Amino acid sequence: MNYELLNALTIDVEDWYHGNDFNIDLELWDTCQDRVFESTKKVLEILAHNHVKATFFILGYVAERHPQLVKEICQQGHEIGTHGYRHRLIYTQRPAEYREELARSKIIIEDITGRAVKAHRAPSWSITHKSLWALDILEEEGFVYDSSIFPLLTPLFGLRGAPCFPYRPRFGRAYAITEFPPSVLEILGGAIRIPFSGGFFLRALPYGFIRRAIKSLNVTGLPAMIYIHPWELDVGQPILRAPLTKRFIHYHNLETTEKKLQMLLCEFRFAPAGEVLASINLDSINISGP
């Protein structure tokens, strides 16, 4: 069955060594095996086969080294946003540092594509209560929407009580920028939120659960936001020695990602996040809670 509501499909374009699972020092990045070109091409092939467009949040570091990949993403009609430059957690930076990294990644991508970058996703959902000031900077830099606030508190990221559907945030003042969070499933009247829509959560949970979660959102008129990383389709990536928890989070069920993506694309309608936002009404919600 193919449901009629448009859902957002987003791709965080980073390589296996860029994320916060292993926190590999930037000085060592050039010594790591570069696999992002091939893994992203694989994602592009799957999307083309299914006639689906998505939003690609591209790390500036990747765009700088693979401009042809960025051009191809653009030429295939996908929406392009920035994922920052070095995958640094925003709440570990000073505002001036963050503005500099944001501008650097934006300029790199715009120079390659010739198009303005209006969409942003923070590395590891790192707009939290500690870094809500980033919304000011995003708005000042001309961004139209953001997808960085995870509506569930975890040890690394998240904002307790944040809305779990698209909204215009209020924090001290009303923002014109739109926030489009990753989807979570609310149960017991919203008392419990279960993440399912991407990354480790999508890999760890059975497809039947993910399917029911998306359907439960769609029947209420809400779009789902799905996200994946190209390295999650790369079963041949290097296996690092690391603490068991970190290895489990990064490598668990990598072999299921492609199949789940294919099934989602066959069963639900997807589009770039910007297109989905244009199709719905937004409320202004205060997120200045504890």
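In this chain, numbering begins with 1 at the start of the sequence shown. The model shown is predicted, which means the values in this text are computed figures rather than measured ones.
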Counting N and O atoms only, with roles assigned by atom type, does the side chain of [X] sit under 3.5 Å from a partner on the main chain of [Y], one being a donor and the other an acceptor?
{"X": "T128", "Y": "L159", "result": "no"}
{"X": "S126", "Y": "I90", "result": "yes"}
{"X": "T178", "Y": "P166", "result": "no"}
{"X": "T55", "Y": "H78", "result": "no"}
{"X": "R168", "Y": "Y175", "result": "no"}
{"X": "E179", "Y": "I149", "result": "yes"}
{"X": "T82", "Y": "G84", "result": "yes"}

### Task
Treating Ile, Leu, Val, Met, Phe, Trp and Tyr as nodes and any side-chain heavy-atom pair under 4.5 angstrom as an edge, say whether W231 and I58 lie in one connected cluster.
yes
Among all residues two or more places apart in sequence or in another chain, which pass the salt bridge (charged side-chain N to carboxylate O under 4.0 Å, His left out) test with [X]?
{"X": "D12", "answer": "R121"}
{"X": "R94", "answer": "E97"}
{"X": "D234", "answer": "R35"}

### Where at least one partner belongs to residues 257-266, residue pairs that pass salt bridge (Lys or Arg N to Asp or Glu O under 4.0 Å), sequence neighbours excluded
K42-E258
### Query
Does any pair with a residue in residues 43-70 pass salt bridge (Lys or Arg N to Asp or Glu O under 4.0 Å), and if so which ones, sequence neighbours excluded?
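The answer is D30-R65, E64-R104.
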Any donor-acceptor pair under 3.5 Å linking the side-chain atoms of [Y] with those of [X]?
{"X": "Y61", "Y": "D15", "value": "no"}
{"X": "E267", "Y": "Y207", "value": "yes"}
{"X": "Q76", "Y": "E72", "value": "yes"}

### Task
Quick one: sort the H83 and H87 rings into parallel, tilted or perpendicular, breaks at 30° and 60°.
perpendicular
### Message
Looking at R115 and E110, is any side-chain nitrogen of the basic one under 4.0 Å from a carboxylate oxygen of the acidic one?
### Response
no
### Task
Determine, for E101 against R88, whether the closest basic-nitrogen to carboxylate-oxygen distance falls under 4.0 angstrom.
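Looking at E101 and R88, the cut-off is met.
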#### Entry: I24: partners by side chain to side chain contact (heavy atoms under 4.5 Å, CB included), with sequence neighbours left out
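Side chain to side chain contact (heavy atoms under 4.5 Å, CB included) list for I24, sorted by chain: W16, Y17, F22, L28, W29, C32, L240.
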#### Entry: Residues which pass side chain to side chain contact (heavy atoms under 4.5 Å, CB included) with F200, listed by chain and number, not counting sequence neighbours
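F200 satisfies side chain to side chain contact (heavy atoms under 4.5 Å, CB included) with R203, A204, F248, I249, H252 once adjacent residues are dropped.
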### Query
Can you name the ring-ring contact (aromatic ring centres under 6.0 Å, His included) partners of F57, sequence neighbours left out?
none
Under the rule for side chain to side chain donor-acceptor pair (under 3.5 Å), what residues qualify as partners of [X], not counting sequence neighbours?
{"X": "T256", "answer": "none"}
{"X": "T257", "answer": "none"}
{"X": "S197", "answer": "none"}
{"X": "E255", "answer": "none"}

### Aromatic ring proximity F150/F157, centre distance under 6.0 Å
yes
### Message
Less than 6.0 angstrom from the centroid, inside 45 degrees of the normal: does K118 satisfy that with respect to the ring of F143?
### Response
no
